[in-house]
Amino acid sequence: MSYNINNNGYYGKFGGAYIPEMLYPNVEELRQNYINIMAEPDFQEEFQQLLKDYVGRPSPLYFAKRLSEKYTTKIYLKREDLNHTGAHKINNTIGQILMAKRLGKTRIIAETGAGQHGVATATVCALMGIKCVVYMGEVDIKRQAPNVARMKMLGATVVPATSGSKTLKDATNEAIRDWISNPTDTHYIIGSVVGPHPYPDMVARFQSVISEEIQKQLLKHENSSNPDYVIACVGGGSNAAGAFYHFLEDTNVKLIAAEAAGHGIDSGESAATSALGREGIIHGSKTLLMQTLDGQITEPYSISAGLDYPGVGPMHAHLYDSGRAEFISVTDADAMKAGLELCQLEGIIPAIESAHALAVFSKKQFKPNDVVVLCLSGRGDKDLDNYINYFNI
Amino acid sequence: MNRINKALQSDKKLLSIYFTAGYPELKNTITILEHLEQSGVDLVEIGLPFSDPLADGPTIQASSTQALKNGMTTEVLFEQLENIRKTVSIPLIIMGYFNPILQYGVEAFCKQCQAIGIDGLIIPDLPIDVYQNEYQAIFERYGLINVFLITPQTSEKRIRYIDSVSNGFIYMVSSAATTGKTSGFGDMQMAYFNRISALQLNTPQIVGFGIKDNATFKQATTYAKGAIIGSAFIKHLNEFGIEKIDTFIKTIRD
């Protein structure tokens, strides 16, 4: 069985491009060109150069000694939190802005939830001098004022999404509607491994630098390029897709996805898509999604805005469905505790998204000799208010 | 013969109306359909509301949200329509996004449509290749016409492919926009209408998006077989109520 994408744009039975005809020319143009463009030597040269000099790659693979002692196993942290703009999101936006330029696009649109992908998109647009419009739910704009300010400082226009629940799902809808209305000059930089084919595959390829580096770095640390486990948090699933990518077909490497359970899977306030979702279609992709019996998409909840999405990328739906990856539900409380623990044991303040992955250590026992790599997808600066309120600091 | 094909054979330009089922009130579906037939509408698209209507502008989004709040579901719509063929004889199409239909079961959905007397479906996010590979046989088994969209950006090659798979009419989206966003037709749209007409397709075309009054209806049907009004009708419904449907339709026709 293959765990990567097939020639028709599906991971097993998940994926595809369930889009209105209005989007077909743009999506088809991208589908026909993305692999060739990414393979061009001058594209690779520019991409690698920017990852190195602008993003600050390779990000360190850090052996977390005190955390390892606490959980009696060998824990390495892949430090995506040290990237420029503070998370893995920039790997994808660098790749996509170069793609957009080669497709001759002069205007960029993006969706954002907490604002991390919006900031990463606004950043690369400033870098390239391209006009940038970011759609953000009206509710999220109020919750994430610093990131809204950052995007504005970087020259982006932030447009509030006022439909539906006024959060990430609705911001994505508005970005898609913008693309329908601007079919020739605009490229849509989707922030995760979601959306119609070829987006999940393209974003996974841009993020795959994470596992590529893990292999090289682990070889030096452990004399083997493959760990026993890779752990990552999954909302849409882009950091997990990048961290899993080069290990997908090697089943000796076990994959663990941490999902946001909010107040608990059965609380009605959760974003644990694998546990609560059924096969369906969201944002142009057939995948697992949280929905009513009648097929209406439901509102997710998580303390982490980055995991607050009712679907999951089709790659992850397939990893779940096939049993290739183990999905572990992590509540707000578990995640906040694990986040604070990393601060105190290692001097690293993680993003609350990444804290969900860290919480896996309190839920699953690893062997003392297991080599466990955890993708620390982002830093926690953006979450300070959340930490302060939660712990009454 | 399917009612849609029969209507397409008539000499006149067809007026098609879209409305969202369950809006403004849950119980309005049948009354609206009866008023539309009595006021001389040729064809109706019954919108099955969806939480995330990607191709729709604010008016239809809002009506969908309200309809869902009112309690509209696939099941409820089918119950409401059970006896519709006793009072309404014009062609009826259900227009909805794919996920609710997928959850109901595509075959079960089609079977129910046939039992009620629905003539066709418009599912904007069901791609033509998926339809051909997985669902065409089911649609045909239950005598349903499937309507595909084309836009000003659709290539001639793809238009000819869509033409070859179509068995009713082609839904010609007037401009690059979501529903309800276009204000009047300019030279670009007229040139596009003319270009499509010159392709001499086998399938008749009906224009949608941006038709709101007599002038735009006339422009849209200069070359095409008919035109569809959605957002403008819903706005009128919202402002003047069901009793004034007849007035709205008359202004379009005159």
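To find a chain, count down the sequence lines: A is the first, B the second, and so on, and within it residues start at 1.
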Practice task
Could you have a look at P53(B), A62(B), P152(B) and say which one has the most heavy-atom pairs with chain A under 4.5 angstrom?
Solution key: P53(B)
Problem - Heavy-atom pairs under 4.5 Å with chain A, option from V173(B), V130(B), I101(B) with the top count - result: V130(B)
Exercise for the section: Would you mind checking which part of I162(B) comes under 4.5 Å of any heavy atom in chain A, side chain (CB onward), backbone (N, CA, C, O), both or neither? Expected result: side chain
Practice task
Kindly check if the number of other-residue, nucleotide or ligand heavy atoms within 6.0 Å of CE (M190(B)) is above 12?
Solution key: yes
Handout entry: Heavy-atom contact with chain B under 4.5 Å, split by part of I282(A)
Key = neither
Fill in the blank from the handout: Bottom line for I297(A): the part with an atom under 4.5 Å from chain B's heavy atoms is both
Extract the chain A to chain B donor-acceptor pairs under 3.5 Å, no hydrogen or angle test applied.
| from | atom 1 | to | atom 2 | distance (Å) |
| --- | --- | --- | --- | --- |
| E21(A) | OE1 | R158(B) | NH2 | 3.0 |
| E21(A) | OE2 | R158(B) | NE | 2.5 |
| Y24(A) | OH | R158(B) | NH1 | 3.3 |
| K169(A) | NZ | D52(B) | OD1 | 3.1 |
| K169(A) | NZ | D52(B) | OD2 | 2.9 |
| N173(A) | ND2 | D52(B) | OD2 | 2.8 |
| R177(A) | NE | P53(B) | O | 3.4 |
| R177(A) | NE | D56(B) | O | 2.9 |
| R177(A) | NH1 | Q61(B) | OE1 | 3.4 |
| R177(A) | NH2 | P53(B) | O | 2.7 |
| R278(A) | NH2 | Q103(B) | OE1 | 3.1 |
| E279(A) | O | Q103(B) | NE2 | 2.8 |
| I281(A) | N | N99(B) | OD1 | 2.9 |
| Q291(A) | OE1 | N99(B) | ND2 | 2.9 |
| Q291(A) | OE1 | Q103(B) | NE2 | 3.2 |
| D294(A) | OD1 | T74(B) | N | 3.2 |
| D294(A) | OD1 | T74(B) | OG1 | 3.1 |
| G295(A) | O | N99(B) | ND2 | 3.0 |
| Q296(A) | OE1 | S51(B) | N | 2.7 |
| Q296(A) | NE2 | P49(B) | O | 3.1 |
| I297(A) | N | S51(B) | OG | 2.9 |

Fill in the blank from the handout: Here the pair of heavy atoms bringing P127(B) nearest to I19(A) is CG-N, 4.5 Å
Fill in the blank from the handout: CG (L54(B)) and CG (L23(A)) are apart, to the nearest 0.5 Å, by 7.5 Å
Handout entry: Under the salt bridge (charged side-chain N to carboxylate O under 4.0 Å, His left out) test, residues paired with D140(A) that sit two or more places apart
Key = R143(A)
